[in-house]
Amino acid sequence: MLGFAVKSFEHSNHLVCSASGPSVNKAVTCAEILKRQMPELKQVTGIGYRNVRMIKDEMIDGKVSQTITTRRLPSIHILLSKNHLHPSLPGYQGADKVSDHVNRPVPRRTFEKNDYRGTKEG
């Protein structure tokens with residue numbers, strides 16, 4: 001999916017990542033990866049809910065009855081653009097600074113043998 005998104009930026013100046021339900025996290029992750037690869041991207045995010053009707057046929061005492069269930073699923077739409085977007089738009093995030101993506105060393109903690117739980121001496 002990310003390869004398709006990167007190729008689409010060769011022909012277009014914007015891309016919309018949309019998802020609902022359990023896929024919302026994947027859309028956010030894809031947008032963040034794209035923004036890391038292309039720090040010049042601007043972003044506008046819209047969130048909301050999507051109503052989904054599920055119709056289920058059930059056999060009860062030889063008769064068919066329908067059960068209709070309506071669920072509200074969270075949804076997200078993320079616009080990524082190379083073009084200037086107006087900063088007053090709700091959900092606007094400007095382009096990242098390149099210095100934000102410099103690999104910084106992660107502080108490491110050394111552990112002593114006594115720090116581990118469940119170990120026995122002897």
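These numbers come from the heavy atoms of this one structure, side chains and all, not from hydrogens, waters or symmetry mates. Not measured: the values here are computed from a predicted model.
Contact of the C17 side chain with the L15 side chain is registered, since non-hydrogen atoms from C-beta on lie closer than 4.5 Å. A 4.5 Å side-chain heavy-atom check between I78 and V16 finds every atom pair outside the cut-off. K42 places a side-chain heavy atom less than 4.5 Å from the side chain of Y92.
Here the CG-NE2 distance, from N83 to H14, works out to 8.5 Å after rounding to the nearest 0.5 Å. One finds the NZ atom of K82 at 8.0 Å from the OG atom of S12 (value rounded to the nearest 0.5 Å). In this structure, the separation between CD1 on I33 and CZ on R36 is 9.5 Å, given to the nearest 0.5 Å. Taken to the nearest 0.5 Å, the OG atom of S81 stands 7.0 Å off from the CZ atom of F9. Atom CD in Q93 sits 11.5 Å away from atom CG in L41 (nearest 0.5 Å).
Closest non-hydrogen pair, S23 versus A19, comes out as O-CB, 3.5 Å. Scanning both residues, V24 and S75, for their nearest heavy atoms gives CG2-CA, 4.3 Å.
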Using a 3.5 Å cut-off and no angle test, enumerate the donor-acceptor pairs between side-chain atoms of residues 43-63 and protein atoms at least two apart in sequence or in another chain.
{"from": "Q43", "atom 1": "OE1", "to": "K35", "atom 2": "NZ", "distance (Å)": "3.1"}
{"from": "Q43", "atom 1": "NE2", "to": "T45", "atom 2": "OG1", "distance (Å)": "2.8"}
{"from": "R50", "atom 1": "NH1", "to": "S20", "atom 2": "OG", "distance (Å)": "2.8"}
{"from": "D57", "atom 1": "OD1", "to": "Q66", "atom 2": "NE2", "distance (Å)": "3.3"}
{"from": "E58", "atom 1": "OE1", "to": "T67", "atom 2": "OG1", "distance (Å)": "3.3"}

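Residues passing the side-chain hydrogen bond (donor to acceptor under 3.5 Å, both in side chains) test with T29: none are found, sequence neighbours excluded. Qualifying side-chain contact (heavy atoms from CB on, under 4.5 Å) partners for N25, counting only residues two or more places apart in sequence or in other chains: none.
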